[in-house]
Peer 1: 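Could you have a look at this structure, given as structure tokens, before my questions?
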Amino acid sequence: MPDWLDQAVFYEIYPQSFCDSNGDGIGDLPGIVEKLDYLKDLGVNALWINPCFDSPFKDAGYDVRDYRKIAPRYGTNQDMARLFQQAHSRGIRVLLDLVPGHTSEEHPWFLMSGQAEENPYWGRYVWTDFCFQGADGLPFVGGEFPRNGTYALNFFKCQPALNYGFYQVRQPWQKPVDHPDCLATGQAIREVMRFWLDMGCDGFRVDMAASLVKNDDAQHSGTQAFWRGVRRMLDAEYPQAALVAEWGEPRQALAGGFHMDFYLNDENGYTRLARNYQGWREGRVEGQDRSFFKAGGCGIEAFWEDYLPRYQGSKDQGLFCLISGNHDTMRLRANLTPEEMKLFFAMLYTMPGAPFLYYGDEIGMRYLRLPTKEGGYFRTGSRTPMQWAPGENLGFSQAPAQALYLPVDPAPDAPTVAEQQEDGGSLLSFVRQMIALRLEHPALWSGAPFEPLTREGRLMAYRRGDILVAIAPAAGLRLKMDGAYAFLFTYGECGLESGWLTFDGPGVAVLERVRQGS
């Protein structure tokens with residue numbers, strides 16, 4: 001595993017919406033470079049940048065038209081090389097978003113594969129051998145190309161599935177994973193990875209990482225085998241490059257060669273922890289909210305029940321990572337107040353795994369109800385421009401408001417970096433403090449030991465080596481201490497009394513064991 005991952009603190013950037021440097025209304029790579037000092041001051045030492053390759057943008061860049069070319073809206077390949085160099089000079093690593101399961105329907109590979117006459121790209125995508133034939137349970141499209149067949153999709157209609165083979169071959173047109181055409185697909189993706197790694201990229205977050213091999217078994221054994229091959233390549237040629245899965249099941253992803261896997265905001269304990277469980281998929285925020293971090297919320301049981309088996313089953317293979325949110329989920333602020341978000345961030349930066357912060361969550365950017373943009377649907381409201389300062393377009397762009405990629409938060413109290421930067425009580429200051437605390441203490445780093453101390457109820461408490469963390473979303477909670485401790489960090493109303501840690505209101509306590517003679 002790359003040695004830098006133990007101290008990694010990630011920040012996800014949606015490039016369309018981070019900083020517009022040329023006044024065209026859309027964020028770009030030079031804009032990211034402009035803000036690297038802000039990220040360094042925040043404590044961030046690694047970035048994940050959502051897809052920035054050439055694309056028709058029917059799915060916000062997850063429909064790639066050219067894997068080796070930066071989309072003109074963001075700049076040039078030279079701009080990306082400069083971003084790598086400038087980030088590295090500040091001690092910041094940069095991961096790009098790799099989309100290996102599909103391309104755009106406009107990709108030259110796909111256009112060649114749809115021709116009537118057989119050619120070297122005929123086997124690059126999943127095609128049936130008859131124009132009226134379904135794709136054996138996979139979504140498919142027919143009637144659009146000269147080729148006498150239909151083609152399988154990997155997500156939207158604009159995203160035909162690349163062919164890595166079928167783990168269980170059931171039809172004459174299905175090819176096994178070791179077929180030369182399927183091996184060629186894998187080799188093409190590895191060459192894409194080498195291209196960006198040679199330029200200075202530090203690794204990849206992999207979109208829909210479990211989706212490659214079709215008719216796979218329940219463990220995704222065929223897909224795992226492919227990624228283990230990629231891991232062997234990285235270990236041999238780029239040993240400090242990181243591989244992060246969008247998988248959501250670390251026992252599979254890490255066994256498949258990934259260094260890290262995300263805890264996805266699916267309908268599990270993690271969603272119940274911080275979001276309105278019943279409404280997040282549809283972009284709804286109304287209804288009873290029983291999230292753990294709310295004062296009247298649920299207990300911690302559902303989270304531990306879901307998290308602990310995943311963590312225990314994968315901790316010796318890599319990192320199981322928590323996120324504040326991402327481009328696919330409603331923002332935390334949709335149902336947590338800034339004060340409640342502080343409790344969440346105290347957890348995020350003291351738990352195992354490398355923490356991922358979604359841009360704007362550090363200032364409490366709101367989720368906005370917006371029409372769909374570039375295939376975003378309900379997710380569009382979490383992709384609005386970063387709010388840097390009061391005034392025109394909240395500092396994101398000098399373009400006319402109507403020319404912006406998405407509108408900024410129109411509320412008069414829209415949070416901004418400038419207003420929170422020097423406010424010691426702001427959410428931004430709190431996040432900066434928590435990151436600094438994490439980086440200062442090796443017991444809080446990604447791979448350090450972890451032990452939950454409370455398994456039920458309204459108090460979340462756990463041990464990381466000699467450090468104890470307790471997070472209370474309500475008053476009247478307490479924890480029996482098992483020795484002498486001293487506070488490293490506190491927030492809210494908490495104290496030590498007769499061997500008990502007590503909370504008179506919502507709060508956070510991070511304590512370190514006091515050793516005899518110290």
Side-chain angles (χ1 to χ4, degrees), residues 14-17 26-27 49-74 96-116 119 121-128 131-164 173 181-182 185-186 188-189 192 204-214 223 246 281-283 326-329 370-383 405-406:
Y14 191 67
Q16 293 95 317
S17 295
I26 193 164
I49 301 177
N50 291 123
C52 46
F53 310 126
D54 181 52
S55 169
F57 290 99
K58 295 180 180 179
D59 186 21
Y62 283 94
D63 49 326
V64 178
R65 185 165 51 199
D66 187 340
Y67 284 110
R68 299 187 184 212
K69 178 185 177 182
I70 294 297
R73 60 157 60 169
Y74 301 135
L96 298 182
D97 212 324
L98 182 70
V99 188
H102 51 263
T103 68
S104 164
E105 60 191 352
E106 298 181 20
H107 196 293
W109 295 347
F110 182 63
L111 297 178
M112 289 294 295
S113 78
Q115 297 305 304
N119 62 66
Y121 294 95
W122 250 42
R124 185 59 55 89
Y125 296 82
V126 178
W127 284 85
T128 70
C131 58
F132 302 141
Q133 184 175 32
D136 194 16
L138 297 170
F140 70 95
V141 170
E144 295 197 358
F145 285 87
R147 182 170 177 169
N148 182 29
T150 60
Y151 60 90
L153 304 175
N154 211 43
F155 195 58
F156 286 155
K157 179 264 176 189
C158 62
Q159 293 159 319
L162 284 163
N163 189 12
Y164 294 85
W173 51 268
D181 287 343
C182 306
T185 301
I189 292 299
V192 168
F204 301 92
R205 176 270 189 183
V206 178
D207 180 64
M208 295 179 64
S211 72
L212 304 193
V213 174
K214 307 308 181 186
T223 300
E246 184 194 36
R281 272 192 184 277
E282 295 79 24
N326 64 21
H327 59 287
D328 285 336
T329 63
L370 294 173
T372 185
K373 176 80 170 186
E374 295 183 350
Y377 298 97
F378 79 89
R379 306 171 298 176
T380 303
S382 295
R383 301 175 177 185
Y405 171 75
L406 287 172

Peer 1: Looking at Val206, is its backbone amide N or carbonyl O close enough to the side chain of Glu246 to form a donor-acceptor pair, meaning the two atoms are under 3.5 Å apart?
Peer 2: no
Peer 1: If every non-hydrogen atom of Arg205 is compared with every non-hydrogen atom of Asp97, which pair is closest and at what distance?
Peer 2: NH1-OD1, 3.0 Å
Peer 1: Could you check if a side-chain atom of Pro72 sits within less than 4.5 angstrom of a side-chain atom of Asp54, using non-hydrogen atoms only?
Peer 2: yes
Peer 1: Under a 3.5 Å distance rule, please check whether Arg379 uses its side chain to pair with a backbone N or O of Gly376 as donor and acceptor.
Peer 2: yes
Peer 1: Would the distance check show the side chain of Asn163 and the main-chain N or O of Gly123 forming a donor-acceptor pair, the cut-off being under 3.5 Å?
Peer 2: yes
Peer 1: Let me know which of Thr185, Asp66, Leu162 forms a side-chain contact (heavy atoms from CB on, under 4.5 Å) with Trp109.
Peer 2: Leu162
Peer 1: As a quick check of understanding, evaluate side chain to side chain contact (heavy atoms under 4.5 Å, CB included) for Ser382 and Thr329, giving each step before the final call.
Peer 2: CA-CA 7 Å; Ser382 295; Thr329 63; 5.7 Å; no
Peer 1: Return the minimal non-hydrogen interatomic distance between Pro56 and Ser104, and the atom names on each side.
Peer 2: CG-OG, 3.3 Å
Peer 1: If only side-chain N and O atoms count, and only distance matters, is there a donor-acceptor pair under 3.5 Å linking Thr150 with Trp127?
Peer 2: no
Peer 1: Got a salt bridge between Asp59 and Lys373, using NZ or NE/NH1/NH2 to carboxylate O under 4.0 Å?
Peer 2: no
Peer 1: Quick check against the 3.5 Å criterion: does Thr128 have a side-chain atom that pairs as donor or acceptor with the backbone of Ala135?
Peer 2: no
Peer 1: Is there a donor-acceptor pair closer than 3.5 Å between any side-chain N or O of Ser55 and the backbone N or O of Arg65?
Peer 2: no
Peer 1: For the pair Gln159 (side chain) and Phe156 (backbone), establish whether a donor and an acceptor sit closer than 3.5 Å, ignoring hydrogens and angles.
Peer 2: yes
Peer 1: Please check if any side-chain donor atom of Tyr121 sits under 3.5 Å from a side-chain acceptor atom of Gln115, or the reverse.
Peer 2: no
Peer 1: Verify whether the ring centers belonging to His107 and Tyr67 lie closer than 6.0 Å.
Peer 2: yes
Peer 1: Quick one: pull up CD1 in Ile189 and OG1 in Thr103 and give me the separation to the nearest 0.5 Å.
Peer 2: 9.0 Å
Peer 1: With Arg73 as the cation and Phe57 as the aromatic partner, state whether NZ or CZ is under 6.0 Å from the six-membered ring centre and within 45° of the axis.
Peer 2: yes
Peer 1: Looking at Arg383 and Asp328, is there a salt bridge between them, counting it only when a charged N and a carboxylate O are closer than 4.0 Å?
Peer 2: yes
Peer 1: Provide the closest heavy-atom pair for Gly61 versus Pro51 in the form atom of the first, atom of the second, distance.
Peer 2: O-CB, 3.3 Å
Peer 1: Could you grab the distance from atom SG of Cys158 to atom NE2 of His102, nearest 0.5 Å is fine?
Peer 2: 7.5 Å
Peer 1: Passes side chain to side chain contact (heavy atoms under 4.5 Å, CB included), Trp173 versus Asp136? Steps please.
Peer 2: CA-CA 10 Å; Trp173 51 268; Asp136 194 16; 3.9 Å; yes
Peer 1: With a 3.5 Å distance limit and no angle check, can you tell me whether Tyr164 reaches the backbone of Pro100 through a side-chain donor-acceptor pair?
Peer 2: yes
Peer 1: Which is it for Phe53 and Tyr74 under the side chain to side chain contact (heavy atoms under 4.5 Å, CB included) test, yes or no, and what are the steps along the way?
Peer 2: CA-CA 9 Å; Phe53 310 126; Tyr74 301 135; over 6 Å; no
Peer 1: Can you find a pair of side-chain heavy atoms, one from Leu138 and one from Lys214, that are under 4.5 Å apart?
Peer 2: yes
Peer 1: Side chains of Asn50 and Pro15: does their closest heavy-atom pair fall under 4.5 Å?
Peer 2: yes
Peer 1: If you define the side chain from C-beta out and look only at heavy atoms, does anything of Glu374 sit under 4.5 Å from Gln16?
Peer 2: yes
Peer 1: Please check this pair: side chain of Arg147 against backbone of Ser113, looking for a donor-acceptor N/O pair closer than 3.5 Å.
Peer 2: yes
Peer 1: Test your reading of the model: is there a side-chain donor-acceptor pair from Ser17 to the backbone of Tyr14, 3.5 Å cut-off?
Peer 2: no
Peer 1: Are the aromatic ring centres of Tyr151 and Tyr125 under 6.0 angstrom apart?
Peer 2: no
Peer 1: When the aromatic ring centroids of Tyr62 and His327 are compared, is their separation below 6.0 Å?
Peer 2: yes
Peer 1: Apply salt bridge (Lys or Arg N to Asp or Glu O under 4.0 Å) to residues Lys157 and Glu144 and explain how you reach the verdict.
Peer 2: CA-CA 12 Å; Lys157 179 264 176 189; Glu144 295 197 358; 3.4 Å; yes
Peer 1: So, are Lys58 and Asp63 salt-bridged, with charged N and O less than 4.0 Å apart?
Peer 2: no
Peer 1: Can you confirm whether Leu98 sits close enough to Val192 that some side-chain heavy atom of one is under 4.5 Å from a side-chain heavy atom of the other?
Peer 2: yes
